[in-house]
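Sequence positions, counted from 1, serve as the residue numbers for this chain. The structure displayed is predicted, hence computed values, not measured ones.
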Amino acid sequence: GTQLDTGDFDGHLKALSGFAWGAEHSGIPALRAFYDRGTHLDLSHGAAADQNGHHLEELSGPLDLVCCSASAQSADTPPTSRIFPERGSAVLRSGWGPDATVISLRAGAWFNHEHHDEGSFQVSAFGQTLVDEAGYASYYTDPHYADYFSQAAGHNALLIGGDPFSQAAFSGRYWAAFNRPHFSNWLLASSFDYLAADLTSAYDGRLENYQREFIFLKPDILVIFDHVRSAQPHRFSWLLHTPSGSKLTMNGTHASIEPAGSDAGVSLTAAGPNAVWTDASTPVSIALFKDLDDKRIEVRHELLLHSSPSTSTQFLAGLKFNRGEASETQLETWNEPAGEGFRTIQGEPASVILRTGAGPLRISDVTTNGSVLAQQGGANPAWMAVAASSIDEDRHPLFHATTPMNVTWEKGSSGLTLSLHNAEATVVEVFVATAPHHVEVDGQQVSPEYKNQQLLLPSLPAGDHRISIR
């Protein structure tokens, strides 16, 4: 099936014989399940003389005889979202079903067949690719491989002055002492994912600072917030590639993508100083011309946001993934004195606001001194705050930490659940109306102090934590 992957890969695996040995001998149940899901053994034909790389890896053949001599082991359901720092990637999921939203992200060291794709992302939902990249091109024969398909221009990245070579090569994974792009902050939870990437070093000294933030309100809203600063004024361009043959519409701050032959789509809303969508056609891989009888070759397009020449600017975009008419389910922008963000117009209530000024961020009666505040759901909404040390509800303390941290909290019939990420050790206080009878921190029962409706939790070391209060 379709794979949201990066580099010199065309996004398709017909079989998984290359994983046969690992599926049999590694003892990793998830790898065995992955192999079993995609492999259909067929020894009736061999490899063509011109096949190489992944074409050989996916070809069913004698290699499949390595697996599998034993029954598959049962495995726990893995977390829906995960960061792979050594690979320089992350995957954010809304679930494991066929219609789940899947977001693939790049930030980190390269290791082979490097593309200049730092900060790029792809999205599939409802079984369809909705946000794409330039696509696969042969590194031996395509005339635009070196100047487009492997460069920042061929990915969902930021360009400086329209330069396709805006990102430059940097030291790879085996040169850890050198600065390189990386995920700098995160929080992965059941209702929200937050991920920040420091991409400054990808631009070879042309930028003083470049941060990209991803806020995923599961299952169908993604917000991207870029902050960029340079010593010299530049015109910056924010790129988003669309699947081949997509129908695009643009109307000022709103745009939509409807992939060909799909009942799913994306509505896009831009906010901030650079909020007018435009589009442009992009090069087509010559690999598509191999068989002109196979299918119609469509011109590919990208959506863009442009800034005026400046030494400092921001890009803020909200994406809503829909089944049906994409343009009818847009997000709307809204502003508070301290920030700007998006909220749903119809359907399940959801809001997110990001800091652009001083003062508390506010959604309804909830305020925080953090940099992001998000909410979704009706009677018992789920909440998230980023880089927050205090959260109040209706002017009463709801949450306090001795150092800024990321936190989600959800109230249910059985109590309150919090997910946290803190970069350094911290002490947390949580408002609880009545004394709890059971408190767990990272699966271990604890007996914290409870006084004046405030629950004082034990000091939390740096890392990711889950707290359950019943």
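Taking CG of Leu316 as the start and CG of Asn274 as the end, the distance is 10.0 Å to the nearest 0.5 Å. From Ile221, atom CD1 reaches atom CZ of Arg343 across 12.5 Å, with rounding to the nearest 0.5 Å. Remark: Thr200 OG1 to Asn209 CG distance equals 4.5 Å, nearest 0.5 Å. For the atom pair CZ (Phe121) and OG (Ser89), the distance works out to 15.5 Å, reported to the nearest 0.5 Å.
Aromatic ring centroids of Trp186 and His421 lie under 6.0 Å apart. Note: Tyr203 and Tyr210 meet the aromatic proximity criterion, with ring centroids under 6.0 Å apart.
Side-chain contact between Thr356 and Phe225: present, with at least one pair of heavy atoms (C-beta onward) separated by less than 4.5 Å. Inter-residue side-chain proximity for Leu418 and Phe399 is flagged as met; some heavy-atom pair is nearer than 4.5 Å. Looking only at side-chain heavy atoms (C-beta outward), Glu410 and Ser190 come within less than 4.5 Å of each other. Looking only at side-chain heavy atoms (C-beta outward), Glu332 and Thr269 stay at 4.5 Å or farther from each other. Residues Pro243 and Ile257 have side chains in contact (heavy-atom distance under 4.5 Å, counting atoms from C-beta outward).
The closest side-chain donor-acceptor pair between Gln151 and His116 falls under 3.5 angstrom. When only modelled atom types and interatomic distance are considered, Thr417 and Ser468 share no side-chain donor-acceptor pair under 3.5 Å. Thr242 and Glu302 share no donor-acceptor pair across their side chains, judged by distance under 3.5 Å alone.
Judged purely by atom type and a 3.5 angstrom limit, Ser81 uses its side chain to pair as donor or acceptor with the backbone of Arg93. A donor-acceptor contact shorter than 3.5 Å is absent between the side chain of Glu440 and the backbone of Asp442.
The salt bridge (Lys or Arg N to Asp or Glu O under 4.0 Å) analysis of residues 201-221, with sequence neighbours excluded, yields the pairs Asp163-Arg206, Asp193-Lys218, Glu208-Arg229, Arg212-Asp226, Asp220-Lys320.
By the side-chain contact (heavy atoms from CB on, under 4.5 Å) test, Ala72 pairs with Arg32, Asp36, sequence neighbours left out. By the side chain to side chain donor-acceptor pair (under 3.5 Å) test, Asp365 pairs with no residue at all, sequence neighbours left out.
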side-chain contact (heavy atoms from CB on, under 4.5 Å), that's the test. Do Leu158 and Leu239 meet it? Break it down for me. CA-CA 6 Å; Leu158 185 79; Leu239 276 55; over 6 Å; no

Mind running side-chain contact (heavy atoms from CB on, under 4.5 Å) on Met384 and Val407 for me, showing each step along the way? CA-CA 6 Å; Met384 179 181 71; Val407 56; over 6 Å; no

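A side-chain hydrogen bond (donor to acceptor under 3.5 Å, both in side chains) with Arg106 holds for exactly one of His155, Gln122, Glu118; it is Glu118.
Around the CD atom of Gln444, the shell of radius 6.0 Å holds no more than 12 heavy atoms that belong to other residues, nucleotides or ligands.
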